[in-house]
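Single-structure report; data block below.
All chains are named by letter (A, B, ...) in the order of the sequence lines, taking the proteins before the strands, and each is independently numbered beginning at 1. The structure displayed is predicted, hence computed values, not measured ones.
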2 protein chains.
Amino acid sequence: MPLNERAELLLKLLIHRYISDGHPVGSRTLARETGLDISPATVRNVMADLEDMGLIESPHTSSGRVPTAQGYRVFIDTLLKVRPLTNDAIAEIEDRLYSDQDPQRILSTATDILSRITKFAGVILLPRHQHTGFKQLEFLRLSARRVLVILVTSDGGVQNRVLATDREYTESELIEASNYFNSTYHGQSLEQVRHILLNDMQHDSDEMNRVMKTAVQVAQKMFDADRVEESDVLLSGEENLLTVPEFSQLGKLRELFDTFKTKQDLLELLAKSMAATGISIFIGDESGYHALNECSVVAAPYEVDGRSIGTLGVIGPTRMDYADVIPIVDVTARLLGSALGTLDSDDIAGESVS
Amino acid sequence: MPLNERAELLLKLLIHRYISDGHPVGSRTLARETGLDISPATVRNVMADLEDMGLIESPHTSSGRVPTAQGYRVFIDTLLKVRPLTNDAIAEIEDRLYSDQDPQRILSTATDILSRITKFAGVILLPRHQHTGFKQLEFLRLSARRVLVILVTSDGGVQNRVLATDREYTESELIEASNYFNSTYHGQSLEQVRHILLNDMQHDSDEMNRVMKTAVQVAQKMFDADRVEESDVLLSGEENLLTVPEFSQLGKLRELFDTFKTKQDLLELLAKSMAATGISIFIGDESGYHALNECSVVAAPYEVDGRSIGTLGVIGPTRMDYADVIPIVDVTARLLGSALGTLDSDDIAGESVS
DNA sequence: CCTTAGCACTCGTATTATCAGAGTGCTAAG
DNA sequence: CTTAGCACTCTGATAATACGAGTGCTAAGG
């Protein structure tokens with residue numbers, strides 16, 4: 001069931017039209033739109049075909065047609081010409097991303113950029129720390145039984161956590177411990193470190209001296225806590241969705257915001273995008289999540305050193321201007337990747353992970 | 001213009017009734033409600049008086065009456081009997097707040113508690129670090145020109161920031177610097193430290209050795225950055241407001257969420273509450289912020305060691321059940337204070353701030 | 001002087017009817 | 001295959017209507 005040229009043209013025009021003014025579009029309008037000398041009746045025939053193929057539908061017996069998720073899919077995959085960003089726009093994104101040194105803040109800047117430019121919600125799947133390198137671990141004694149553990153990763157990220165310890169450690173024990181730890185695990189990936197730690201815990205503790213045990217125990221706790229953490233998704237600009245006419249029913253909106261709050265579904269969806277290469281687009285119910293029924297998600301992984309470490313994207317109504325949104329997501333992902341990469345290469349020679 | 005007993009009773013009943021079902025309440029309903037043998041006409045006379053006093057108003061010429069902001073004010077100040085929390089409920093809040101060691105997370109748990117229980121939005125003004133004590137500053141060399149600065153405060157809080165430095169510092173310089181810094185400023189309040197730092201910068205640098213300068217410069221940067229930071233307000237449960245009938249107009253809602261996003265107004269409002277003692281309640285436009293027109297904010301400062309260090313509260317529609325919300329805010333503030341205080345006293349003897 | 005019954009009046013809301021406009025599907029002719 | 005014509009459907013706006021709830025006022029009664 002290949003589309004002939006005219007059907008393609010009409011589908012494309014219909015979607016453009018629908019995206020730009022949001023009303024179902026009828027045969028007369030569409031006939032005028034083509035520029036060709038073609039009558040509404042003819043258009044109606046073609047539209048009937050498109051409807052049979054499941055690409056468009058009419059909300060009511062007699063109002064114009066509206067694209068279905070499948071219609072958008074065909075449109076995006078085969079008909080869409082994206083509208084590249086101007087150099088100015090690119091430079092502006094770049095400026096904002098490069099104006100900070102702290103990876104955590106850069107990431108949140110990225111979602112902010114996405115939501116501000118698109119006027120929808122920006123979302124980002126934070127880097128999975130398993131794939132980044134271990135760089136440094138420091139212990140700071142806060143009080144008798146509370147130790148602050150600071151983990152520095154090769155991408156310049158810093159995490160800290162206050163741990164309640166089982167027994168009291170002295171200042172010097174902790175220093176020794178961190179020295180031991182840093183020299184032992186230097187240059188490994190976090191994933192590897194975690195594995196080794198697990199092993200070390202299984203070997204009976206006799207082989208290890210007390211200091212090693214200290215370090216391992218404390219670090220183990222830290223890694224454990226890190227795994228549980230579900231703050232892996234950052235969202236911003238949700239408020240933009242309030243004024244999107246598609247979401248004018250408060251019930252829908254509530255459902256959507258609840259989904260945003262738990263983040264679980266978003267996380268899974270973005271994980272899918274990360275597994276793919278390039279831009280992923282989930283249209284309407286394609287995502288499989290009920291709350292995202294009327295939403296589309298445009299996402300792209302961002303890479304450092306040629307490896308995808310996370311995904312960012314935009315969540316908006318299915319009726320969004322893909323030609324605009326796609327390049328924005330694309331460019332932001334690239335620039336974010338290189339902004340993070342820059343931090344990386346800023347490391348002292350010899351400390352980068354192989 | 002004092003209210004006689006019957007007028008008070010009627011105002012109270014009217015507000016209760018309005019709070020519970022949201023419809024303007026008329027004379028017949030109210031007459032029935034009293035239990036007294038009183039006719040609707042009599043009630044109407046009283047209502048007319050109350051309207052003259054500005055305590056109630058009718059949305060339209062002929063529908064029942066609704067309390068005005070001023071009416072709520074009188075109600076809350078003189079007529080309201082709060083509904084204390086059950087011991088179970090208190091214990092539950094306590095459990096959640098005490099189940100964590102990290103002040104940052106405890107604070108965010110607090111807003112979560114507020115929003116979950118009240119079904120409105122929870123908000124918290126984070127502790128003003130100026131008033132807490134300085135405890136420890138550590139420098140960690142990340143790369144040639146990037147230093148991680150870790151500031152530990154006496155309340156157990158940890159802040160870290162990556163700084164790009166003007167020149168390269170060696171590992172040992174940094175250690176010396178932090179030693180110098182920690183011994184010099186030990187036990188001072190952050191406020192004091194900041195002041196001394198400012199002074200130190202003004203004295204011509206000749207009097208200071210290089211290490212001192214290092215520490216001061218880096219710390220100065222850190223404090224500066226901290227001051228600018230406007231992440232002083234934490235909000236949660238905004239999505240609860242989506243289903244509040246009062247906010248069914250998307251325009252209003254959008255305005256509200258924008259206010260939430262910038263946080264500036266909330267910050268000012270909560271600052272007012274912190275200046276007061278005990279529960280503050282801002283009803284409707286009393287707050288002075290247009291977006292909060294139809295909202296009330298119930299807030300209470302939380303104290304550690306008898307000193308208010310922040311404020312938490314609930315943002316909901318003016319028509320909220322104050323009898324429930326007030327004790328929730330009150331109890332949460334108290335428990336949060338003591339939860340944070342516990343962390344404090346956990347410090348090793350001699351390290352607490354006088 | 002306070003209370004109350006009665007009554008006319010005002011609005012808001014829901015229901016219904018009506019009508020114009022937009023669009024469709026079908027048929028038959030070019 | 002295209003197109004004109006036509007009957008039909010459905011939406012949305014507008015107006016008419018009726019109804020219910022509630023008010024304010026007045027006048028009578030305690």
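- Here A:Tyr322 and A:Tyr72 bring their ring centres to under 6.0 angstrom of each other.
- DNA chain C is contacted by both B:Asn45 and B:Ser62; B:Asn45 maps to the nucleotide lying nearer its 5′ end (nearest heavy atom per residue).
- If you check C:dT4, C:dG23, D:dG5 against the side chain of A:Arg44, the one that comes closest is D:dG5.
- One interatomic measurement links the two molecules: NE2 of B:His23 to C1' of C:dT13, which rounds to 13 Å at whole-angstrom precision.
- Rounded to the nearest 0.5 Å, atoms CD1 (A:Ile328) and CD1 (A:Ile93) are 7.0 Å apart.
- Salt bridge status for A:Glu57 with A:Arg65: absent, with no side-chain N to carboxylate O gap under 4.0 Å.
- When the P atom of D:dC1 is taken as reference, atom CG of A:Asn4 falls 10 Å away, rounded to whole Å.
- If you take NE2 of B:His60 and P of C:dC11, they are 11 Å apart, rounded to a whole angstrom.
- Between the C1' atom of C:dG23 and the CG atom of A:Leu14 lies a distance of 13 Å, rounded to the nearest Å.
- The side chain of A:Thr61 places no N or O atom within less than 4.0 Å of a non-bridging phosphate oxygen (OP1 or OP2) of D:dT9.
- Contact between the side-chain N/O atoms of B:Ser39 and the OP1/OP2 oxygens of C:dT3 is not found at any separation under 4.0 Å.
- In this structure, A:Ile38 atom CD1 and D:dT2 atom P are separated by 7 Å, rounded to whole Å.
- Rounding to whole angstrom units, CE of residue A:Met47 and C1' of C:dC26 are separated by 17 Å.
- For A:Phe257 and A:Phe260, the gap between ring centers is short of 6.0 Å.
- Nucleotide D:dC1 holds its C1' atom 15 Å from the CG atom of A:Leu36, rounded to whole Å.
- The side chain of B:Arg6 contributes an N or O atom lying less than 4.0 Å from OP1 or OP2 of C:dT3.
- Side-chain atoms of B:Asn240 and A:Arg254 form a donor-acceptor pair, as typed in the model, at a separation below 3.5 Å.
- A close approach under 4.0 Å does occur between a side-chain nitrogen or oxygen of B:Arg65 and OP1 or OP2 of D:dG24.
- With a 6.0 Å radius and a threshold of 12 heavy atoms from other residues, nucleotides or ligands, B:Lys272 has its NZ atom above the threshold.
- Salt bridge annotation for B:Arg319-B:Glu246: present, with a cationic side-chain nitrogen under 4.0 angstrom from a carboxylate oxygen.
- For DNA chain C, each stem of at least three Watson-Crick or G-U pairs (distances under 3.5 Å) is given as range with range: C:1-30 with D:1-30.
- Of the side-chain N and O atoms in A:Arg28, none sit less than 4.0 angstrom from OP1 or OP2 of C:dT24.
- Looking at which nucleotide of DNA chain D each of B:Ala41 and B:Gly64 is closest to, the 5′-most match is held by B:Gly64.
- For the pair A:Glu51 CD and C:dC26 P, the interatomic distance rounds to 11 Å; values are reported in whole Å.
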